[in-house]
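Keep in mind that this is a model prediction, so the values were computed, not measured.
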Amino acid sequence: MNRIDQRFSELKQQGRKALIPYITAGDPAPQYTVGFMHALVDAGADVIELGVPFSDPMADGPVIQKACERALKQGTRLVDLMQMVKEFRQTDTTTPVVLMGYLNPIERIGYENFADQAASVGVDGVLIVDMPPEEADEIGPLLKSRDLAAIFLVAPTTSNERAATICAHGEGYLYYVSLKGVTGAATLNAEDVAEHLAPLRGMTDLPLCVGFGIRDGVTAAEVAKVADGVIVGSALVNRIAESLDAPETIAGQLKSVLAEMRTAMDA
């Protein structure tokens, strides 16, 4: 069983919801990323989304755009991410890792090469923002044959017909975008999220995880009442941006932010 499926099965048995933090690999510099990943697990992360830095992250707001710029300035490449996951796996063999990013860096190294590397270092899932299921004919089978979950996004504007197509192709979990806008947007309505998740539950058994707009323990707990998982990115990446002058303090700050969410969700 894929580590993602295993983790969600365990959480369901425990009556708990998944907490899924996102950080951009290589931000503020590549040598910190693995330490941040372990800190997030210590604070209660169930799955880690590791962002692949890209020069044109169209779905992301300024916070994650700047994180990508910092990581690229440090020379972070896709091959470096693979080494980070490999190093993480030396001491953590159970926490699922999902690579999240855009198609261009993957196309540069080739689909098959990417799938081989990801599987060999211990990646569990891949979320390619600008690759809808209709365009996944080539890479989809390569991921599936290596037990790498292809994770897709569903938005508030997605029609039921299209959502059904996405659900039919999706694996691991479904990433529901809670807001019309980019990552880091500020307003989130849990009742509205619940309304949109209801029809999706009739289309798929995949866990429904919600991202965009999760800022703190209060918003995480609200979303956890209606979803199977809570995804938090900008709140963490923003903390990194605020501490660039003292990078040695960042791991502790990330733990603090995430631990507050974990406590609120479990209360």
Side-chain angles (χ1 to χ4, degrees), residues 4 7-8 11 17-25 27 40 43-52 54 57-65 67-68 96-102 124-132 149-158 163 166-167 170-197 200-201 204 206-240 254 257-258 260-262 264-265:
I4 299 171
R7 181 53 50 94
F8 276 101
L11 288 166
K17 302 300 178 72
L19 180 54
I20 307 176
Y22 164 99
I23 56 171
T24 304
D27 177 34
L40 294 169
D46 296 298
V47 179
I48 291 176
E49 286 186 353
L50 192 58
V52 180
F54 180 50
M58 64 190 81
D60 293 299
V63 172
I64 292 175
Q65 285 180 22
C68 285
V97 174
V98 172
L99 298 189
M100 182 173 181
Y102 296 82
D124 303 287
V126 180
L127 198 170
I128 306 169
V129 177
D130 53 349
M131 188 194 68
I151 297 165
F152 292 104
L153 299 161
V154 174
T157 52
T158 304
I166 294 168
C167 288
E171 295 168 325
Y173 55 90
L174 205 61
Y175 189 134
Y176 176 75
V177 176
S178 64
L179 304 163
K180 299 172 189 172
V182 294
T183 56
T187 52
L188 186 147
N189 184 324
E191 287 179 19
D192 185 57
V193 170
E195 249 177 64
H196 281 89
L197 292 184
L200 293 174
R201 295 214 182 272
T204 183
L206 287 172
L208 305 181
C209 300
V210 175
F212 288 45
I214 313 291
R215 299 183 306 282
D216 50 27
V218 174
T219 46
E222 281 181 11
V223 169
K225 288 175 186 170
V226 300
D228 302 307
V230 173
I231 302 167
V232 55
S234 293
L236 296 168
V237 177
N238 198 43
R239 192 59 68 95
I240 294 171
L254 296 180
V257 172
L258 204 68
E260 185 213 344
M261 295 184 181
R262 178 82 272 170
M265 288 168 60

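- Here the closest heavy-atom approach between residue Ser234 and residue Ile64 is recorded as OG-CD1, 3.8 Å.
- Evaluation of the salt bridge (charged side-chain N to carboxylate O under 4.0 Å, His left out) test over residues 216-237, restricted to residues two or more places apart or in two chains, returns Arg201-Asp228.
- For the pair Leu206/Cys167, no side-chain contact is recorded, criterion being any heavy-atom separation below 4.5 Å from C-beta on.
- One finds the OH atom of Tyr176 at 4.0 Å from the NE2 atom of His196 (value rounded to the nearest 0.5 Å).
- Between Cys68 and Tyr102 there is no side-chain heavy-atom pair separated by less than 4.5 Å.
- Legend: residues meeting side chain to side chain contact (heavy atoms under 4.5 Å, CB included) with Ala227, ordered by chain and number and at least two apart, are Leu197, Val210, Val223.
- Every residue two or more places apart in sequence or in another chain that forms a salt bridge (Lys or Arg N to Asp or Glu O under 4.0 Å) with Arg262 is listed here: Asp46, Asp266.
- Counting only heavy atoms from C-beta outward, the side chains of Ile20 and Tyr175 never approach each other to under 4.5 Å.
- Proximity of Ile231 to Tyr173: side-chain heavy atoms (C-beta onward) are separated by under 4.5 Å at one or more points.
- In terms of heavy atoms, Ile128 sits closest to Val126 at CG1-CG1, 3.5 Å.
- In this structure, the side chain of Asp124 does not engage the main chain of Val98 through any donor-acceptor pair within 3.5 Å.
- Partners of Ala150 according to the side chain to side chain contact (heavy atoms under 4.5 Å, CB included) rule, which considers only residues two or more places apart in sequence or in another chain, are Leu143, Phe152, Glu171.
- The side chain to side chain contact (heavy atoms under 4.5 Å, CB included) test applied to Val257 returns Leu236, Arg239, Met261, not counting sequence neighbours.
- Under a 3.5 Å cut-off, the side chain of Thr158 and the backbone N or O of Val154 do not form any donor-acceptor pair.
- Annotation: the span from Cys209 atom SG to Lys17 atom NZ amounts to 10.0 Å, rounded to 0.5 Å.
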Candidate pair Phe212 and Val177, rule side chain to side chain contact (heavy atoms under 4.5 Å, CB included), full reasoning:
CA-CA 6 Å; Phe212 288 45; Val177 176; 3.5 Å; yes

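- Of all heavy-atom pairs between Ala221 and Ala264, the closest is CB-O, 3.6 Å.
- Closest heavy-atom contact between Val232 and Ala235: CG2-CB, 3.9 Å.
- Looking at Leu99, Val52, Leu153 one by one, the single match for side chain to side chain contact (heavy atoms under 4.5 Å, CB included) with Leu127 turns out to be Leu153.
- Minimum heavy-atom separation, Val226 to Val193: CG2-CG1, 4.1 Å.
- Ala67 meets the side chain to side chain contact (heavy atoms under 4.5 Å, CB included) test with Thr24, Asp27, Arg70, Val237; sequence neighbours excluded.
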